[in-house]
Number of protein chains: 2
Amino acid sequence: MEQADINIKPKKMGQIITTAEDLFQRFGFKRITIEEICSKAEVSKMTFYKYFQNKNELIKCIMDNWLGHIVKGLEDVSKMDITFTEKIRILLRLKEETNAKISKEFILEYMNPDNDMRIYFREFYDRAISIFIEFIKTAQFRGEVRKDIKPEFLIAMLNKMIEMAKDEPLVQLYPRAADFSLEINNFFYCGILPLETLDNRNDEKK
Amino acid sequence: MEQADINIKPKKMGQIITTAEDLFQRFGFKRITIEEICSKAEVSKMTFYKYFQNKNELIKCIMDNWLGHIVKGLEDVSKMDITFTEKIRILLRLKEETNAKISKEFILEYMNPDNDMRIYFREFYDRAISIFIEFIKTAQFRGEVRKDIKPEFLIAMLNKMIEMAKDEPLVQLYPRAADFSLEINNFFYCGILPLETLDNRNDEKK
DNA sequence: ATATTTTATACGAATAGTGTATGATTTATA
DNA sequence: TATAAATCATACACTATTCGTATAAAATAT
C-alpha cells in the first residue's frame, strides 16, 4: 500500500524515515538527535543533510506521511463494498493507530509553548481530526450514520472506546480479546445506525 | 513491602526516585536529564542535589532498589509454604519484572564503551543473575529441582518462556491469556521436577 | 572508466545540561 | 506565633552535546 510511495524515494532516505518514525514514536521528537537517527539507520550524517534540511523538516515529512496514511486508509474504506459494521471495525483500527502516533509524548511536545513546531503540530492534529470528520459526514450523507449525530461526538466516542479496550480487568471478562473488540464494535454499530435501517440490521449481519 | 523503606526517606526524595524510575525505564538513563526528573517530580533542582550528588548516584540508588526488590521477592518466595508450582509462578513474574527493568534501553547503554556507569551496570547484571541462581541452588538442595540441572540453564529457560508469552499468535491459541500462562508454567514444572517426586506430582497439584 | 552516492572525520557555532550560589518562600514544629 | 528546617525560583559560569558544514576518501552504480 504505502510501500509503493517509499520505493520511489532513494533507499537511504527510506531508511532514515523508517528509523526516525520508530524512534520518534517510542521516545518523542525532542529526545531523539539527528546523530542517533543516522547511526541507527546506518546512514552518515552527510547523507541525512542531503535529504533533509534539518530535524524539523524530517518531522514534517513523517507527519505528512501519517496524514497521507490516514487519508488513504479512509478513502479505501469508503470505496470498499462491505457492511458498515466492517467499515467501523477498520475505522477503529485506523484511529487506534493514529492515537498511538499522536501519543502522550507527541501531545507533551505539542503543548510546550517554546517549540518552533507547535503551529505545525496543531495543524496536523486539526487536519487529522477533520479527515475523520469528513469521513463520517460522507457516511451520514450515504445514510450509514444517523444524521443528527455530531461527527465531533463520534470522534470523542472512538477515543473513549479505544481507552476501554486497554482496560485490562474489563477485557478479562471476555473469553478472548477478539470477543471484547466485537462487543465494542457492535455497541458502536447499534448506537449510530440510522433508525430506518434498524430492521434490516440482523439480515445484514449474516 | 518496599513501601516501608520508601516511607522512611524524605517525601521529596521518594518523589524523585519514583519519577526517575519511571522515566528511566521508559526512555533509558541517557535520554533523561536531571531537570526533566525535577520538573516531572515537582521538585526543585536544589532539592535534587540535596539528596543526590549527581545523576549517576541516583541511578545507583535506583538500581540498588531493584536488586533489593529481587532479593526480598525471592527470599519471601523461599519462605512461603506453598507448592513449588506456585513458587515457579511467582518466580516467573519476578523475572519478567526484572527483564522489563533491564530492558533494551538498559542493555544499549550498558554496551556503550564510553559510559562511566558501565562497570556498575555489569555488576548489577551479574548480581541479579547470581541472586536467581542462588535461589535455584537452594531449591535444588531442598530437592524441589532436579540436581543435575545447571541453574544458568534455568535462567536462560525463564527468559525464553517470557519471550514466548509475548508471542501473540501463540497466545491466541488459548481461550484466555491465563490458560497460556498456566500451560507454560506446567511445562516448566514438569520438566524440572526431580525424578523421585514424579509420582506424587498429581497429588500435590490438588 | 566515469559519475554518483555515500562515507568518515574534523570543526566552529549554537544549544542544552550540569552543578552551585543567593536569598525568598513555604512548611513543619514547638 | 516564633523559629528552624525544607523547599523554592532565579541566575550564573562551566561543560558537554548537538548541529550543520567542509573536506577528501571510499563505495556503488552505470
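Lettering of chains follows the sequences in order, A, B, ..., and the numbering in each one begins at 1.
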Query raised in the report: Is there a salt bridge (charged side-chain N to carboxylate O under 4.0 Å, His left out) between B:D64 and B:K60 once you walk through the steps?
Result: CA-CA 6 Å; B:D64 287 347; B:K60 285 181 188 173; over 6 Å; no
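- Counting heavy atoms of neighbouring residues, nucleotides and ligands inside a 6.0 Å radius, atom NZ of B:K30 does not exceed 12 of them.
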Query raised in the report: What one-letter contact string describes nucleotides 4-14 of chain D from 5' to 3', where B marks a base within less than 4.0 Å of any protein heavy atom, S marks contact via sugar-phosphate atoms alone, and - marks no contact?
Result: --SSBB-----
Query - side-chain contact (heavy atoms from CB on, under 4.5 Å) between A:S44 and A:K12, intermediate numbers included - result: CA-CA 10 Å; A:S44 81; A:K12 294 274 169 183; over 6 Å; no
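- Proximity of the aromatic rings of B:F52 and B:F48 is defined here by a centroid distance below 6.0 angstrom, and this criterion is met.
- For the atom pair CD1 of A:I32 and OG1 of A:T19, the computed distance is 11.0 Å after rounding to the nearest 0.5 Å.
- Between B:F29 and B:F121, the ring planes lie parallel to each other; the angle is under 30°, not in the 30° to 60° tilted range.
- B:M63 contributes atom CE, which lies 9.0 Å from atom CZ of B:R127 (distance to the nearest 0.5 angstrom).
- When the local axes at the two ends of the helix from C:dA1-D:dT30 to C:dA30-D:dT1 are compared, using 5 base pairs at each end, they differ in direction by 60° after rounding to 10°.
- To the nearest angstrom, P of D:dT17 lies 14 Å from CD of A:E36.
- Distance NZ (B:K55) to P (D:dA16): 14 Å, rounded to an integer number of Å.
- Residues forming a side chain to side chain contact (heavy atoms under 4.5 Å, CB included) with A:V77 (at least two apart in sequence, or on another chain): A:K87, A:I90, A:F135.
- Remark: A:E75 pairs with A:V71 by the side chain to side chain contact (heavy atoms under 4.5 Å, CB included) rule, at least two apart or across chains.
- Annotation for A:E97: atom CD counts as buried by contact number, over 12 foreign heavy atoms lying within 6.0 Å.
- Between the CD atom of A:E35 and the C1' atom of D:dT21 there is a distance of 13 Å, rounded to whole Å.
- Note: CZ (A:R31) to C1' (D:dT17) measures 16 Å, nearest angstrom.
- Between chain B and DNA chain C, the heavy-atom contact criterion of under 4.0 Å yields a 5' to 3' nucleotide range of C:dG17 to C:dA21.
- In this entry the distance linking NZ of A:K30 with P of D:dT18 reads 12 Å, nearest Å.
- Take A:I129 and apply the side chain to side chain contact (heavy atoms under 4.5 Å, CB included) test, not counting sequence neighbours, and it matches A:Y125, A:I133, A:I155.
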